2 protein chains.
Amino acid sequence: MKIQEVSEKFEISTDTLRYYERIGLIPTVNRTESGIRDYTEEDMRRVDFVKCMRSAGLPIEVLIDYMALVQKGDSTIATRKEILLEQREQLTARIEEMQKTLEILNYKIQVYESKMVETEKKIKGTE
Amino acid sequence: MKIQEVSEKFEISTDTLRYYERIGLIPTVNRTESGIRDYTEEDMRRVDFVKCMRSAGLPIEVLIDYMALVQKGDSTIATRKEILLEQREQLTARIEEMQKTLEILNYKIQVYESKMVETEKKIKGTE
DNA sequence: CCTTGACTTGGAGTTAACTCCAGGTGTTAC
DNA sequence: GTAACACCTGGAGTTAACTCCAAGTCAAGG
């Protein structure tokens, strides 16, 4: 698959795909004879994984380290697990924060709602 | 309250507090005669609110607009509610994304876990 | 009174994660 | 076969949100 197809499939710009490759977040993609990227299924699984992790805010640096360990093979499993444990912890913390904020937003919206209803009533009363 | 006390209370650096003020995210804080910031209770409520919203990733620009409307008074309630509705929608979307990622992390960690148990068994078998 | 540390301002620097650009090559539809 | 478009690379530019700095003022303890 060519870069634009991958770009459309995963909704990641071609610039970003090339960027991910050049910083080593995904390993170098094979090129055709004329030098054009030809993504394999495995390449795309990696892209998908990275997209997912990035969408949750995992830092690129951490993902670079992690992906490098994946490339290195089974001897790195313990380290990889450590990385994911750490990231999971941070992620749950972030989610919790956001849920607290969400509740405050809910409350504020509801307050505004009832204030607006009050205002309506007053207007009606003076008609 | 002086800036450093506020900084410690909310765990926001003094630099960030001053930055928020200068970009208009919180209105200008009163100064003592000698020009030193003296935060009121209301100032601190604002700081707390901004901190909460920022921790959930709401963009500063949106918060500036929102806070300006708050200053403007009750006539802006409908607009404020619209802003919060929009932000709430985006926030729930982000939370959902993160929860999907969390599940994938959980799965991956569990796979690594069982791989490690397998390796343990093999080692024990060869002893 | 003088030192030490907190405070002030305006402006510059940093960081992460893209995003864009220029200059060149390859390919495909007519 | 040529115009239009996708692709390549290396490097520069952008954006959001801080964070740091310099040069100066102010306040409290000894």
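The structure displayed is predicted, hence computed values, not measured ones. Here is how names work: the chains are called A, B, and so on, in the same order as the sequence lines, proteins then strands, and each is numbered from 1.
Atom OH in B:Y19 sits roughly 17 Å away from atom C1' in C:dT9 (whole-Å rounding). Taking atom CD on B:E21 and atom P on D:dA17, their separation rounds to 19 Å, with Å as the unit. Going from atom CZ of A:F10 over to atom C1' of C:dC18 covers 19 Å, rounded to whole Å. Between the C1' atom of D:dC18 and the CE atom of B:M53 lies a distance of 20 Å, rounded to the nearest Å. Atom P of nucleotide C:dT19 and atom CG of A:L17 are separated by 11 Å, given to the nearest angstrom. Atom C1' of nucleotide D:dC8 and atom OH of A:Y39 are separated by 12 Å, given to the nearest angstrom. For the pair A:D38 CG and C:dT27 C1', the computed distance is 15 Å after rounding to whole Å. Across the protein-nucleic acid pair, B:I3 atom CD1 and D:dT25 atom P stand 20 Å apart, rounded to whole Å.
Here the side chain of A:Q4 is nearest to one of D:dA17, D:dA6, C:dG26, namely D:dA6. You'll find that the side chain of B:R18 is closest to C:dT9, out of D:dA17, C:dT9, D:dA27. In the set D:dT19, C:dC18, D:dA16, D:dA16 carries the atom at the smallest distance from any side-chain atom of B:E61.
With hydrogens and angles left out, the side chain of B:R22 and the base of C:dG11 share a donor-acceptor pair within 3.5 Å.
B:F49 has its side chain within reach of A:K108: a pair of non-hydrogen atoms, C-beta onward, lies under 4.5 Å apart. A:L58 has its side chain out of reach of A:Y66: every pair of non-hydrogen atoms, C-beta onward, lies at least 4.5 Å apart.
Residues B:D43 and B:R46 are paired through a salt bridge, judged by an N-O separation under 4.0 Å between the basic side chain and the carboxylate. Ion pairing between a basic and an acidic side chain is recognised when a charged N comes within 4.0 Å of a carboxylate O; A:K121 and A:E118 show such pairing.
A cation-pi arrangement is absent between B:K9 and B:Y39, since the terminal nitrogen or guanidinium carbon is not both under 6.0 Å from the aromatic centre and inside a 45° cone about the axis.
Heavy atoms of B:I23 sit nowhere under 4.0 angstrom from any nucleic acid atom. At a threshold of 4.0 angstrom between heavy atoms, the contacts of B:R37 are confined to the sugar-phosphate backbone, with no base atom among them.
Taking for each of A:I36 and A:D15 the nucleotide of DNA chain D with the nearest heavy atom, the 5'-most of the two is the partner of A:I36.
Taking 4.0 angstrom as the limit, A:S13 places none of its side-chain polar atoms (N or O) nearer than this to OP1 or OP2 of C:dC18. OP1 or OP2 of C:dC18 lies within a sub-4.0 Å distance of a side-chain N or O belonging to A:R54. OP1 or OP2 of C:dC18 has at least one side-chain nitrogen or oxygen of A:Y20 nearer than 4.0 Å. Between A:T16 and C:dT19 there is a side-chain polar atom (N or O) within less than 4.0 angstrom of OP1 or OP2. In this structure, A:T14 does not reach the D:dC7 phosphate: none of its side-chain N or O atoms is under 4.0 Å from OP1 or OP2. Regarding contacts with the backbone of D:dT9, a side-chain N or O of A:R31 is found under 4.0 angstrom from either OP1 or OP2.
For the residue pair B:R37 and B:N30, no side-chain donor N or O sits within less than 3.5 Å of a side-chain acceptor on the partner.
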